[in-house]
Visitor: 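Attaching a single structure in C-alpha cells format; questions to follow.
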Amino acid sequence: MPSNDVRILAQAAVPTAAVGALAAVVSGVVAGGKGAIGAVVATVIVILFMGLGLYVLQRTAKSLPHLFQAMGLMLYAAQILLLFVFLAVFKHTTLFNPKAFALTLVAGTLAWIAAQTRAHMKSKILYVEPDSTSSSHDGKPHKSGHSS
C-alpha cells in the first residue's frame with residue numbers, strides 16, 4: 001500500500017478508534033460490561049469493514065480506474081449486506097448489549113466518514129501523474145496538442 005493510502009487509512013482509523021473507546025466507556029457506565037463489549041465489537045467491525053473497503057477501492061483505482069465508481073457502489077452495497085448478515089447471526093445474542101452496539105456502529109461509521117473526508121481534503125494527491133517520457137533529449141518538454 002503506498003504511503004498516501006496508509007496515511008489516509010491511519011487518519012481515518014485513529015479517530016474512529018477514539019470514538020469507539022469513548023463509546024465503550026459510556027456504554028460500560030450506562031449498560032455495564034455487556035454495553036462495553038457491544039461498543040468494542042461495533043468499533044472493530046467499523047474499522048475492519050471500512051478499512052478493507054478503503055484498501056479495495058485504492059487497489060481498484062490503481063489497477064482498474066475505469067471501474068472505480070462502480071466498484072465503490074458495489075463495495076458499499078456489500079458492506080451493508082455483510083452488516084445485515086452479522087446482525088442476523090447475532091440477533092439474539094447475550095454476549096453484548098445490542099443498543100450499545102448499534103449506537104456505536106453508527107457513531108463509528110460517521111466518525112470514519114468524517115475523518116476520511118478530512119484526510120482526503122488535506123492530502124496533496126496529484127490528479128495527473130507526471131510522465132518522464134514526454135521530455136525530449138535536450139531536457140525541454142515536447143509540445144503536444146494544437147497550438148494556434
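Worth saying up front: this structure is predicted, and the values here are computed from it rather than measured. Positions are given from 1 along the sequence.
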Visitor: Taking the side chain as every heavy atom from C-beta outward, state whether F96 and T104 have any pair of such atoms under 4.5 Å apart.
Guide: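 F96 vs T104: side chains apart.
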Visitor: Starting from the C-alpha separation in whole Å, work towards a yes-or-no answer on side-chain contact (heavy atoms from CB on, under 4.5 Å) for Q116 and Q11.
Guide: CA-CA 7 Å; Q116 185 178 354; Q11 288 175 349; over 6 Å; no
Visitor: Decide yes or no on side-chain contact (heavy atoms from CB on, under 4.5 Å) for V89 and F84, but give the supporting numbers first.
Guide: CA-CA 9 Å; V89 168; F84 282 139; over 6 Å; no
Visitor: Roughly how far apart are L67 CG and M74 CE, rounded to 0.5 Å?
Guide: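 Rounded to the nearest 0.5 Å, the CG-CE separation comes out at 10.0 Å.
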Visitor: Flag yes if V19 and W112 sit in one hydrophobic cluster, no otherwise; membership is Ile, Leu, Val, Met, Phe, Trp, Tyr, and two members link when side-chain heavy atoms are under 4.5 Å apart.
Guide: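 As far as the 4.5 Å side-chain criterion goes, W112 and V19 are not connected within one cluster.
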Visitor: Check the pair Q79 / L52 against side-chain contact (heavy atoms from CB on, under 4.5 Å), numbers first and verdict last.
Guide: CA-CA 10 Å; Q79 286 175 330; L52 286 173; over 6 Å; no
Visitor: Let me know which of L83, V46, I45, T16 forms a side chain to side chain contact (heavy atoms under 4.5 Å, CB included) with T109.
Guide: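 So, applying the side chain to side chain contact (heavy atoms under 4.5 Å, CB included) to T109 and each of L83, V46, I45, T16, only V46 qualifies.
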Visitor: Just so I know, are the side chains of V41 and F101 near enough to count as touching, which here means a heavy-atom distance under 4.5 Å?
Guide: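 In short, these two side chains touch, coming nearer than 4.5 Å.
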Visitor: Given side chains that start at C-beta, do those of M71 and V56 come closer than 4.5 Å, heavy atoms only?
Guide: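 M71 vs V56: side chains touch.
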Visitor: If you round to the nearest 0.5 Å, how far is OG1 of T43 from CG of L105?
Guide: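 Between atom CG of L105 and atom OG1 of T43 there are 8.5 Å.
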Visitor: Taking all non-hydrogen atoms of both residues, which atom of A100 and which atom of G35 are closest, and how far apart?
Guide: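 Smallest interatomic distance, heavy atoms only, reads CB-O, 3.5 Å.
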Visitor: Roughly how far, to the nearest 0.5 Å, is CG of L82 from CG of L48?
Guide: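 Separation between the atoms: 9.5 Å.
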Visitor: Quick one: are the ring centres of F49 and F86 less than 6.0 Å apart?
Guide: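 No, they do not, as the ring centres are separated by 6.0 Å or more.
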Visitor: I would like to know whether S27 and N97 meet side-chain contact (heavy atoms from CB on, under 4.5 Å); could you show each step before the answer?
Guide: CA-CA 9 Å; S27 297; N97 184 313; over 6 Å; no
Visitor: With a 4.5 Å cut-off on side-chain heavy atoms, are I113 and M50 touching?
Guide: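 SC-SC contact between M50 and I113 confirmed.
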Visitor: Membership question, hydrophobic clusters at under 4.5 Å side-chain separation (ILVMFWY): are V40 and I47 in the same one?
Guide: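 Unlinked, I47 and V40 end up in two clusters.
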Visitor: Spell out, as yes or no, whether a donor-acceptor pair under 3.5 Å connects the side chain of K34 to the backbone of L95.
Guide: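 Side chain of K34 to backbone of L95: no pair is present.
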